[in-house]
Amino acid sequence: MVQEEIRRRNVGALLRHVHLGGSVSRTELAERMKLNRSTILALTAELTSAGLVREELPADTGRAGRPSLVVRPEPGRVYVLAFDVAVDRLVAARVTLGGTMLDRREAVRLRAGADLDRVVEVLARFGRQLHESAPPDSVCVGVGASYCGMIRPGDGLVRFGPDMGWVDQAFGAELDRRLGLGLPVSVGNEAHLGALAEQQRGAGAGFQNLIYLHGDVGVGGGIIVGGDLLDGESGYGCELGHMVVNPYDGRPCGCGSHGCLEAEAGERALLDAAGRPADLFGRDAVRAVVDDADRGDPAAQEALRRIGDWLGIGVANLCNLFNPGMVIFGGMLRDMYPGAAAQVRARIAANVLPVARERVRLRTSALGDDATLVGAAELGFAELLADPLGVLTRTGA
C-alpha cells in the first residue's frame, strides 16, 4: 500500500508539472521530481496510456547527442468546466489539460440583490452547452467555480457576499443539481483563486510569497505563503478589503464597518472622488475615470491619487505583516493601479520597514480579467492532478 501511494502521488506530480509547465523534457522532469530516469519513463508511460500526455521529439535541441523526449499535455482527452461569478458578469468556460480555454460563454449580471436562482440558471445553461459541444471522446473530470464572497470549504455555501446581499446561499449544491453531470462543484473565493492562478500561471510564477489584491466593487485578497494559500481557521482568511485603514472618519462599508480598505479604495470611493453621479457604476465608469486622468483631467487625476494613497496604506501594512516578494493588482485595481502607483510606492517607502520593502515587486495581473476564471479551472483540475488514473476510473473513462 505504501508503494502504491507513492506511485499514485508521483503520477499526479508529473501530470501537474506538465499541466502547469507545458512541454517538459524527461530529463527536466527527473531533475524537478528528484527521481531517476527509468521511474520517469514508467510514470510517463502510464499517463500516455491513459491519454493524458504525449511524448515528442523536441523541435530544436541545439545540442549534439540523442535528445530527451518532450512530454506535453494531451489537450483532447479531458477537460473541466470553470465558472466565474463577479458582481457584474457571469462567465463559463471549457478548459482542457494544460490550461487552454477551448470555449466560453459570458453574460451580464445585474446588481439586483440576492439572485441565486438567476445566477445558477445562467451558469447551468452555459455549462450544459459547453459540455454538449465537447468532442464525444473527451471526458469532463471536474467543475470549479469562483464567487465574489466568503465560501464555506467543502460544500460551496456562500456564507457572506455583501455586495449582492448573499447570506448562506447554497451556490455549489444548486449549481451541481442544475448541471446534472454527477460531478461535485468545487467553489472558491475569487481573490483566493486569483492569487493561486497568478502564482501558478501569471505574474507571480516562481514566487513562493505573494499577495494578490482583486478589485471588483470592493477589494478582495489572496495571500500565498511558502507556496500555499493562507486560508485561516475556517477558510475565511485574507479578507484584505475589510482591513480597517481609516477608523475615525472612514467611509461606510458594505460589511457594516467604517474605513475598510475597500470602502476607501473601491469602486464607489473612486467615482465619488472624481465627482461622478451616483447612478454611474461598474467597470466602464471606473475606466472612464482612468481614461480622463490619462488625458489630463485634474479631478480624475486627484481621485486616483487619493485612492492610491489609501491603497498604499493597505499595501504597506501587508508588506510589514507578510514580507511578500510580489504584490499583484487584479480586477478593477489593474485599471486603477498605473494612475495610483506613485502614491502606493510613496507609502511603501514611508511606512514599510526597510528590510521588508527592499525586495518587494509591484505588478498588475498578467492574466487580466480571466485570473479568477483560471483559478476556478485549476480548482476543477485538483482531483485529477492528485490521482489521475483513479479519477479516470471513477468517471468511467
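Positions are given from 1 along the sequence.
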Leu183-Leu102 co-clustered via ILVMFWY side chain contacts under 4.5 Å: no

From Asp117 atom CG to Gln169 atom CD, the distance as rounded to the nearest 0.5 Å: 8.5 Å

Side-chain heavy atoms nearer than 4.5 Å, only ILVMFWY residues, links allowed to pass through others: does that put Phe126 and Leu116 together? yes

Counting C-beta onward and ignoring hydrogens, is there a side-chain heavy-atom pair between Val2 and Glu5 closer than 4.5 Å? no

Crowded around Arg118 CZ? As in, over 12 foreign heavy atoms under 6.0 Å? no

Looking at Asp103, is its backbone amide N or carbonyl O close enough to the side chain of Arg94 to form a donor-acceptor pair, meaning the two atoms are under 3.5 Å apart? no

Would you sort out whether Ile328 and Phe207 count as a side chain to side chain contact (heavy atoms under 4.5 Å, CB included), showing the intermediate values? CA-CA 11 Å; Ile328 302 171; Phe207 282 77; over 6 Å; no

Let me check something: do Val85 and Phe281 share a hydrophobic cluster, defined by ILVMFWY side-chain heavy atoms less than 4.5 Å apart, either directly or through other members? no

Looking at every non-hydrogen atom in both residues, tell me the closest pair between Trp166 and Gly113 and how far apart they are. NE1-O, 4.1 Å

Quick check: are there more than 12 heavy atoms from other residues, nucleotides or ligands sitting under 6.0 Å from CD of Glu383? no

Does the Arg8 side chain pair with the main chain of Ala386, one donor and one acceptor, at a distance under 3.5 Å? yes

Grab the two heavy atoms, one from Leu230 and one from Phe322, that are nearest each other, plus how far apart they are. CD2-CE2, 3.7 Å

Side-chain (Thr96) to main-chain (Val78) donor-acceptor, under 3.5 angstrom: yes

Quick one: does Ser365's side chain have a donor or acceptor within less than 3.5 Å of a partner on Leu367's backbone? yes

Residue pairs, two or more places apart or on separate chains, that pass side chain to side chain donor-acceptor pair (under 3.5 Å) and touch residues 333-346: Arg283-Asp335, Arg287-Asp335

Taking all atoms of both residues into account, what is the closest heavy-atom pair of Ala356 and Cys319, and its distance? CB-O, 3.9 Å

Would Asp88 and Arg109 count as a side chain to side chain contact (heavy atoms under 4.5 Å, CB included) if you check the C-alpha gap in whole Å, the side-chain angles of each, and the deciding distance to 0.1 Å? CA-CA 5 Å; Asp88 291 327; Arg109 183 188 186 192; 5.6 Å; no

Flag the pair Val315 / Arg347 as yes when at least one side-chain heavy-atom distance between them is below 4.5 Å, and no otherwise. no

Heavy-atom side-chain proximity of Pro75 to Arg54 below 4.5 angstrom: yes

Only one of Val24, Thr39, Ile40 clears side chain to side chain contact (heavy atoms under 4.5 Å, CB included) with Leu14; which? Ile40

Within a strict 4.5 Å, meaning less than it, do heavy atoms of the Ser234 and Arg159 side chains meet? no

Answer yes if Leu362 and Leu210 sit in the same cluster of Ile, Leu, Val, Met, Phe, Trp and Tyr residues linked by side chain heavy atoms under 4.5 Å apart, and no otherwise. no

Could you tell me whether a side-chain N or O of Glu262 sits under 3.5 Å from a main-chain N or O of Val219, the two making a donor and an acceptor? yes

Any donor and acceptor pair, going by atom type alone, linking the side chain of Asn189 with main-chain N or O of Gly149 inside 3.5 Å? yes

Minimum heavy-atom separation for Pro324 to Ile211, with atom names? CG-CD1, 3.8 Å

Examine Val139 and Leu97 and state if one hydrophobic cluster contains both, with Ile, Leu, Val, Met, Phe, Trp and Tyr joined whenever side-chain heavy atoms are less than 4.5 Å apart. yes

Indicate yes or no: does Arg152 engage Asp168 in a salt bridge with an N to O separation below 4.0 Å. no

Do NZ/NE/NH1/NH2 and the carboxylate oxygens of Glu198 and Arg363 come within less than 4.0 Å? no

Side chain Ser49, main chain Ala45, donor-acceptor under 3.5 Å: no

Would you please test Glu74 and Val53 for side chain to side chain contact (heavy atoms under 4.5 Å, CB included) and show each step? CA-CA 5 Å; Glu74 181 58 69; Val53 303; 5.5 Å; no

Rounded to the nearest 0.5 angstrom, the CG-CD distance for Leu90 and Glu121 is 10.5 Å

Side chain Asn320, main chain Leu353, donor-acceptor under 3.5 Å: yes

Per the side chain to side chain contact (heavy atoms under 4.5 Å, CB included) rule, which among Val91, Leu373, Thr372 passes with Ser146? Thr372

Taking every heavy atom of His192 against every heavy atom of Cys238, the minimum-distance pair comes out as NE2-CB, 3.8 Å

All heavy atoms of Gly218 vs all of Met332, minimum pair found to be O-CE, 4.2 Å

State which residue, out of Val217, Asp272, Ile307, fulfils the side chain to side chain contact (heavy atoms under 4.5 Å, CB included) condition with Glu267. Val217

Taking the side chain from Thr48 and the backbone from Thr44, do they hold a donor-acceptor pair closer than 3.5 Å? yes

Please assess His19 against Glu378 for the test side-chain hydrogen bond (donor to acceptor under 3.5 Å, both in side chains), listing each intermediate value before the final yes or no. CA-CA 10 Å; His19 171 64; Glu378 294 305 322; 2.9 Å; yes

Is the side chain of Arg178 donor-acceptor paired with the backbone N or O of Val120 at a distance under 3.5 Å, no angle test? no

Thinking salt bridges, do Asp292 and Arg295 make one under a 4.0 Å N-O criterion? yes

Hey, is Glu132 close enough to Arg128 for a salt bridge, meaning N to O under 4.0 Å? no

So if I apply the side chain to side chain contact (heavy atoms under 4.5 Å, CB included) rule between Leu379 and each of Val143, Val80, Leu193, which one comes out positive? Leu193

Taking atom CZ of Arg111 as the centre, report whether more than 12 heavy atoms of other residues, nucleotides or ligands fall under 6.0 Å from it. yes

Evaluate the ring planes of Tyr79 and His131, with Trp represented by its six-membered ring, and classify them as parallel (under 30°), tilted (30 to 60°) or perpendicular (over 60°). tilted

